[in-house]
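Have a look at the structure below, then the notes.
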Amino acid sequence: MKQLTLLRHAKSSWKDPALDDFDRPLSGRGKRNARLMGQRLAILDETPKVIISSPAKRARRTAELVAEALHYPESAIRFEPCMYEADVGTLLELVSQLDNVWQDVMLVGHNPGLTELANLLAPCNLDNIVTCGLAKIAFEKYFIRKMKKGTSEPVYEKYILKALGIERLE
């Protein structure tokens with residue numbers, strides 16, 4: 001069974017309106033929630049084998065704080081520039097290229113792309129993955145085996161393992 005965890009970055013700070021969107025840091029609440037989500041995942045023994053994150057400051061820091069709580073080496077986090085401002089098609093392409101040797105992959109990124117990807121891959125009808133919320137999707141054998149020619153429609157067997165914690169951590 002392959003597992004894909006979609007984790008939206010934690011709450012960002014808007015204290016400095018002059019900052020470029022890419023450079024916005026986490027707020028104090030965002031830092032606390034990222035640590036708490038990592039701790040909850042650790043308690044549930046939900047440590048991914050691979051963490052791939054958007055390089056935007058708020059996503060990067062979320063990935064680092066979650067990884068720290070999971071005892072996942074920070075140096076092993078992979079940063080994919082295509083994940084910043086990624087639409088569902090870009091994220092779907094990234095998922096289709098995941099190495100099927102990996103059993104459990106976490107993507108740390110942004111909305112609306114993550115919510116749209118969750119809704120495409122599993123019949124969950126999410127309105128919004130909240131900040132520092134996650135969705136976990138399981139695939140029987142492959143993340144996505146192939147794409148239908150000329151479309152963005154995946155060809156795969158869909159399974160939802162669990163919708164873990166689409167919840168607020170305040």
Side-chain angles (χ1 to χ4, degrees), residues 1-15 19 21-86 88 90-92 94-95 98 102-139 143 159-170:
M1 183 81 58
K2 306 288 185 193
Q3 298 182 75
L4 178 65
T5 301
L6 305 176
L7 175 65
R8 184 175 172 199
H9 65 78
K11 184 77 176 160
S12 61
S13 171
W14 289 87
K15 281 185 182 176
L19 274 181
D21 180 69
F22 186 88
D23 296 320
R24 277 192 294 121
L26 292 179
S27 67
R29 185 179 99 192
K31 290 174 191 172
R32 285 189 304 276
N33 286 356
R35 286 186 189 99
L36 186 58
M37 181 57 83
Q39 291 165 1
R40 287 182 179 188
L41 291 171
I43 289 167
L44 295 170
D45 197 26
E46 294 281 348
T47 302
K49 300 299 178 216
V50 179
I51 298 176
I52 303 172
S53 176
S54 160
K57 190 170 188 174
R58 61 195 179 276
R60 174 185 290 268
R61 190 66 182 133
T62 300
E64 291 167 349
L65 291 169
V66 168
E68 181 181 311
L70 293 170
H71 304 289
Y72 182 95
E74 189 177 313
S75 61
I77 299 170
R78 298 173 50 160
F79 296 98
E80 285 291 334
C82 73
M83 287 186 67
Y84 177 65
E85 296 186 332
V88 69
T90 301
L91 293 172
L92 191 58
L94 177 66
V95 171
L98 293 175
W102 300 331
Q103 296 299 310
D104 193 342
V105 176
M106 176 183 283
L107 299 183
V108 182
H110 313 270
N111 266 349
L114 286 181
T115 297
E116 291 171 358
L117 183 63
N119 285 324
L120 178 66
L121 296 179
C124 49
N125 297 317
L126 297 173
D127 289 330
N128 180 43
I129 297 177
V130 298
T131 53
C132 210
L134 62 82
K136 191 164 196 115
I137 302 163
F139 301 84
F143 285 110
Y159 296 85
I160 180 129
L161 178 65
K162 48 186 142 180
L164 258 186
I166 305 298
E167 59 184 286
R168 296 201 182 271
L169 297 175
E170 286 107 357

I'd like to check [X] versus [Y] (side-chain heavy atoms, cut-off strictly below 4.5 Å). Are they in contact?
| X | Y | answer |
| --- | --- | --- |
| Leu26 | Leu65 | yes |
| Leu121 | Leu92 | yes |
| Pro48 | Leu41 | no |
| Asn33 | Lys11 | no |

Rounded distance (nearest 0.5 Å) linking atom [atom1] of [X] with atom [atom2] of [Y]:
| X | Y | atom1 | atom2 | answer |
| --- | --- | --- | --- | --- |
| Leu107 | Leu98 | CG | CG | 6.5 Å |
| Thr47 | Leu70 | OG1 | CG | 4.0 Å |
| His9 | Leu114 | NE2 | CG | 8.5 Å |
| Arg29 | Cys132 | CZ | SG | 10.0 Å |
| Leu134 | Met106 | CG | CE | 6.5 Å |
| Leu7 | Ile52 | CG | CD1 | 13.0 Å |

Would you confirm whether [X], through its side chain, and [Y], through its main-chain N or O, come within 3.5 Å as a donor-acceptor pair?
| X | Y | result |
| --- | --- | --- |
| Arg58 | Asp21 | yes |
| Asp104 | Glu46 | no |
| Thr115 | Ile129 | yes |
| Thr62 | Ala34 | no |

Kindly give the heavy-atom pair with the smallest separation between [X] and [Y], and that separation in Å.
| X | Y | result |
| --- | --- | --- |
| Leu91 | Met83 | CD2-CG, 4.2 Å |
| Ser54 | His110 | OG-NE2, 2.8 Å |
| Ala10 | Thr131 | C-CB, 4.0 Å |
| Pro55 | Phe79 | CA-CD2, 4.2 Å |
| Val50 | Tyr72 | CA-OH, 3.4 Å |
| Ala118 | Leu126 | CB-CD1, 3.9 Å |

Pairs where residues 62-71 contributes a residue and the test salt bridge (charged side-chain N to carboxylate O under 4.0 Å, His left out) is met, not counting sequence neighbours: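 For residues 62-71, and leaving out neighbouring residues, the salt bridge (charged side-chain N to carboxylate O under 4.0 Å, His left out) pairs sorted by first residue read Arg61-Glu64.
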
Val66 vs Val108, side-chain contact (heavy atoms from CB on, under 4.5 Å): CA-CA, chis, key distance, verdict: CA-CA 10 Å; Val66 168; Val108 182; over 6 Å; no

Ile77/Arg60 under side-chain contact (heavy atoms from CB on, under 4.5 Å): CA gap, chis, key distance, verdict: CA-CA 9 Å; Ile77 299 170; Arg60 174 185 290 268; over 6 Å; no

Test salt bridge (Lys or Arg N to Asp or Glu O under 4.0 Å) applied to Asp23 - qualifying residues, sequence neighbours left out: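 Scan of Asp23 (salt bridge (Lys or Arg N to Asp or Glu O under 4.0 Å), adjacent residues dropped) gives none.
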
